[in-house]
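The structure appears below as structure tokens.
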Number of protein chains: 2
Amino acid sequence: MSQPGAVGRRPTLEAVAALAGVGRGTVSRVINGSPSVSERARAAVESAIAELGYVPNRAARSLVTSRTDSIALVIPEPETRLFAEPYFSDIIRGVSGVLADTDMQLLLTLIRTSHERQRLAQYLTAHRVDGVLMVSVHEDDPLPDLLDRIEMPAVLSGRRSDLESVSYVDADNVAGARSAVRHLLRRGCRAIATVAGPPDMYVARCRLDGYRQALAEEGLEHSDDLVATGDFTEDSGRAAMRALLERRPDVDGVFAASDVMAAGALLVLRESGRSVPDDVALVGFEDSVVARHTDPPLTSVRQPTEEMGRTMARLLLDEISEPGRLRRQVVLPTELVRRQSA
Amino acid sequence: MSQPGAVGRRPTLEAVAALAGVGRGTVSRVINGSPSVSERARAAVESAIAELGYVPNRAARSLVTSRTDSIALVIPEPETRLFAEPYFSDIIRGVSGVLADTDMQLLLTLIRTSHERQRLAQYLTAHRVDGVLMVSVHEDDPLPDLLDRIEMPAVLSGRRSDLESVSYVDADNVAGARSAVRHLLRRGCRAIATVAGPPDMYVARCRLDGYRQALAEEGLEHSDDLVATGDFTEDSGRAAMRALLERRPDVDGVFAASDVMAAGALLVLRESGRSVPDDVALVGFEDSVVARHTDPPLTSVRQPTEEMGRTMARLLLDEISEPGRLRRQVVLPTELVRRQSA
DNA sequence: GTGAAAGCGCTAACAG
DNA sequence: CTGTTAGCGCTTTCAC
């Protein structure tokens, strides 16, 4: 530690063996927690390790085990802005928390260009990580299939469809949407509209399903002119809300498939002279921090993002250590957070 | 690529050499772009590489070169919430963008507990990365000194003091604060207060300096009761603003050292019946996304966060490839973003 | 310019 | 239980 010329060679397993008066094999066994080591030997090795401040050389280990002790978190860049801020940091926080107890490392991979995709594919094919975590995967993304083909353990956040073939962790979007609409029903809303997401995204379909289910439960109208579709942007939320108001001026409740779209809807409602939530109650699915900063802050369906990160990491570690060809699937509950005063 | 039993061994340099009809050394030279290879040999090797889909084994290379081709981005966890969302993702975006052109990998390291700190220190001491990027380092953080001692290339975002000994990239906090206050002056404010940050943080001192400089330039009062101190939290911003209003009911402009504190101040101003920005103009330093979501959105001093990330990465790569013992220091300009209608 | 040979530090298989 | 041995795949002298 306090060596003056600390630059030089760091101690090797060999040095530890010499100091402990044992063979290299024994040192290796101690490090890897093999049970077949005598107490005496283990003690000697451990104190030698401590004395030398020995840390195993990962490259050398990796070379022989062909494990890398690292996993990659892959984030498609375009998403970064839309499904905004707290989402990714929470995921990272969760993942990182689980990994901290391991000696696995987390590699962060932002994918911006198709060139970078390419490089990632090559990287993965070369098995330079032991597993992959993927956030917001699109239905047409070829990566999951690649992962499957090269037998690389992987866990997705969200699924691409009902029949997702890769392990995943998802929020219960259907139930979340249902609870949002039930909330509106409890408030006494009768003409409940929804600003839905793009129908080619599974998550959007789920949220729309939840909306429909909640209305059906109540035997309520379930008319097409109460559904407007956006693309998760604020502008599209605005446009959808305008369309809705035109078709159904009597609307008194809106469930938006994302808080960003909800924010857009909120502005339009205001412009139209309606007060929120008194004239029209508004609930959004909370994908970003926006719900907390609108005025008034929106009641919204919150996803357990950090927990999703933790769960993803755990599933992946499982899958790495026990590569049974079984798919692991977890759907986590959401929570309705009341923020509007009323 | 389309091999059926793609599971098996991936091709090695040896295989490439065999196919190209050259020795392993030559293949290695080609891969590492050595000039002393004949055109003929190079072509043969390259086509062999393509045919086999060869990708070098990083562990093996690392073992012999004792470089890891990866750098760590270290983020102290507590910060994650406070200096909030876009900051870190922007930094990451910037860093990752620069690294994409390299074959360096980015390791993400969140530091939560002292135990994790410990592990990181050990990790770094074992030289398991080629360099380190550190975000929001505290003055009493022992890590920079450790890095220095083990001669690990490092770049900080922000500096700990005027005499920062480690390379860094910082925003020009002094100039930023100055521009904020000048803006208030131009608006005609005469009693300009500041909600300052904790005096033991260099960044806070810089912003306070800038505030003072701008007032001094104008020959304006520079009284202590126009300065209230917070700790960058919204609550502290509220408290500071209350204190300010009590001491100086005539205040007509406020510069807050962070947008989060500005948001707190905004609420207090409202409660006190003052309208912003008409009665009291408010400008904050934009550390988070909050400035954009207050009502009205705050005019604020924006930092070039992504650019900071890019610059950090570049400096670090420089430092790694050319470990001259010279400190690299960059101070990036800020920008005043007018968001208030007036 | 290029092949051959010598390891980098570690694990795993094999005798003892 | 433990020491010894043989590589893992690559870079890098060092002769040719």
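A quick note: this is a predicted structure, and the numbers were derived from the prediction, not measured.
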Could you note down all residue pairs passing salt bridge (charged side-chain N to carboxylate O under 4.0 Å, His left out) where [range] supplies at least one of them, sequence neighbours left out?
range                       : result
residues 57-67 of chain A   : Arg67(A)-Asp69(A)
residues 94-105 of chain B  : none
residues 21-37 of chain B   : Glu14(B)-Arg24(B)
residues 117-137 of chain A : Arg117(A)-Asp141(A)

When the distance from [atom1] of [X] to [atom2] of [N] is rounded to whole Å, what number comes out?
X         : N       : atom1 : atom2 : result
Ile31(A)  : dA12(C) : CD1   : C1'   : 14 Å
Arg24(B)  : dT11(D) : CZ    : C1'   : 10 Å
Arg61(A)  : dC10(D) : CZ    : P     : 21 Å
Leu63(A)  : dG7(C)  : CG    : C1'   : 12 Å
Arg128(A) : dG9(D)  : CZ    : P     : 14 Å
Asn57(B)  : dC10(C) : CG    : P     : 16 Å
His127(A) : dG9(D)  : NE2   : C1'   : 16 Å

**Prompt:** Which is true for Thr26(B) with a 4.0 Å heavy-atom rule: it touches a base, it touches only sugar-phosphate, or it touches nothing?
**Reply:** sugar-phosphate
By the 4.0 Å heavy-atom rule, please label Arg58(A) as base, sugar-phosphate, or nothing.
nothing
Got a sec, which residues hit side-chain hydrogen bond (donor to acceptor under 3.5 Å, both in side chains) with [X], two or more places apart in sequence or on another chain?
X         : value
Tyr123(A) : Gln105(B)
Ser36(A)  : Ser34(A)
Thr102(A) : none

Double-helix bend of the helix from dG1(C)-dC16(D) to dG16(C)-dC1(D), axes at both ends from 5 pairs, round to 10°, gives 40°
So CD1 of Ile71(A) and CG of Leu133(A): to nearest 0.5 Å the spacing works out to 5.0 Å
Applying side chain to side chain contact (heavy atoms under 4.5 Å, CB included) to Ser38(A) and not counting sequence neighbours gives Arg40(A), Ala41(A)
The side chain to side chain contact (heavy atoms under 4.5 Å, CB included) partners of Glu46(A) (sequence neighbours excluded) come to Val30(A), Arg42(A)
Taking every heavy atom of Arg327(A) against every heavy atom of Glu164(A), the minimum-distance pair comes out as NE-O, 3.0 Å
For nucleotides 13-16 of chain C, which of its nitrogen or oxygen atoms have a protein nitrogen or oxygen under 3.5 Å away, and what is each distance?
unit_1  : atom_1 : unit_2   : atom_2 : d
dA13(C) : N6     : Arg29(A) : NH2    : 3.3

* Do any side-chain nitrogens or oxygens of Thr12(B) fall under 4.0 Å of OP1 or OP2 in dG9(D)? -> no
Result for 5'-nearest mapping on DNA chain D, choosing between Leu13(B) and Val27(A), is Val27(A)
So, with a heavy-atom separation below 4.0 Å from DNA chain D, the residues of residues 32-42 of chain A are Ser36(A), Val37(A), Ser38(A), Ala41(A)
